[in-house]
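Here the structure is laid out as structure tokens; the discussion comes afterwards.
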Amino acid sequence: MPMLIDALIAALILAGAFFLLVGALGLAKLPDMMRRLHGPTKATTLGIGALLIASMIYFSVARGTFSIHELLITLFLFLTAPVSAHMLAKAHILRATQEREQLPPTGQLSGWATLDDRRGDGM
């Protein structure tokens with residue numbers, strides 16, 4: 001394997017490990033749920049993506065054939081992590097009434113959470 005590809009794979013592994021560490025520390029150390037949500041959804045997703053891309057490059061060079069499995073896993077992860085984070089944030093806003101009262105108005109009839117009714121007529 002050429003030395004340049006080895007260096008690229010090592011750099012991707014180190015970057016992935018760094019982002020995974022930052023995401024794990026963010027999940028463990030940040031004070032509340034809305035701030036903790038950013039650790040796994042932002043940094044950890046980048047970390048796993050970098051590790052999967054490093055794996056894809058390594059095995060395509062080592063075996064001489066391109067494997068699409070890592071690319072599909074990365075794509076699936078990048079599509080599902082923001083959606084799940086958005087749903088968790090909306091559920092938290094809906095359930096945490098004290099925190100919801102501190103949010104600025106949305107400028108619409110509904111509030112920040114989908115089921116949050118600001119009209120007061122129960123619809």
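These numbers come from the heavy atoms of this one structure, side chains and all, not from hydrogens, waters or symmetry mates.
- Note that CG of L37 and CZ of R35 are 12.5 Å apart. Values are rounded to the nearest 0.5 Å.
- Note on L27 and F19: separate hydrophobic clusters, where clusters join Ile, Leu, Val, Met, Phe, Trp and Tyr whose side-chain heavy atoms are under 4.5 Å apart, directly or indirectly.
- Residue-environment remark: CZ (F18) stays at or below the threshold of 12 foreign heavy atoms within 6.0 Å.
- Between A54 and L12, the shortest heavy-atom contact is CB-CB, 3.7 Å.
- T44 places a side-chain N or O within donor-acceptor distance of the main-chain N or O of G39, the cut-off being under 3.5 Å.
- Atom CD of E70 and atom OG of S60 lie 8.5 Å apart (nearest 0.5 Å).
- The heavy-atom pair separating G26 from R36 by the smallest distance is O-CG, 4.0 Å.
- With values rounded to the nearest 0.5 angstrom, L4 atom CG is found 10.0 Å from I9 atom CD1.
- Of all heavy-atom pairs between A81 and T45, the closest is CB-OG1, 3.6 Å.
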Q: Apply side-chain contact (heavy atoms from CB on, under 4.5 Å) to the pair L52 and I48, showing each step before the final yes or no.
A: CA-CA 6 Å; L52 286 168; I48 291 291; 3.7 Å; yes
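- In the displayed structure, M33 atom CE is contacted under 6.0 Å by more than 12 heavy atoms of other residues, nucleotides or ligands.
- With L8 as reference, I57 is the one residue of I53, I57, V61 to meet the side-chain contact (heavy atoms from CB on, under 4.5 Å) rule.
- A15 meets the side-chain contact (heavy atoms from CB on, under 4.5 Å) test with no other residue; sequence neighbours excluded.
- A single hydrophobic cluster is seen to contain both I68 and M56, as judged by linkage of ILVMFWY side chains at heavy-atom distances under 4.5 Å, directly or through other members.
- Side-chain contact between L51 and I13: present, with at least one pair of heavy atoms (C-beta onward) separated by less than 4.5 Å.
- Within 6.0 Å of the CZ atom in F66, the count of heavy atoms belonging to other residues, nucleotides or ligands exceeds 12.
- Linking ILVMFWY side-chain heavy atoms closer than 4.5 Å, directly or via other members, places L77 and L71 in a single hydrophobic cluster.
- Here the closest heavy-atom approach between residue A89 and residue M34 is recorded as CB-CE, 3.8 Å.
- Under the 4.5 Å side-chain heavy-atom criterion for grouping Ile, Leu, Val, Met, Phe, Trp and Tyr, F59 is connected to I5 within one hydrophobic cluster.
- Heavy-atom minimum distance, T74 versus G49: CG2-CA, 4.1 Å.
- Put simply, CD1 on I73 and CZ on F78 are 12.5 Å apart, with the number rounded to the nearest 0.5 Å.
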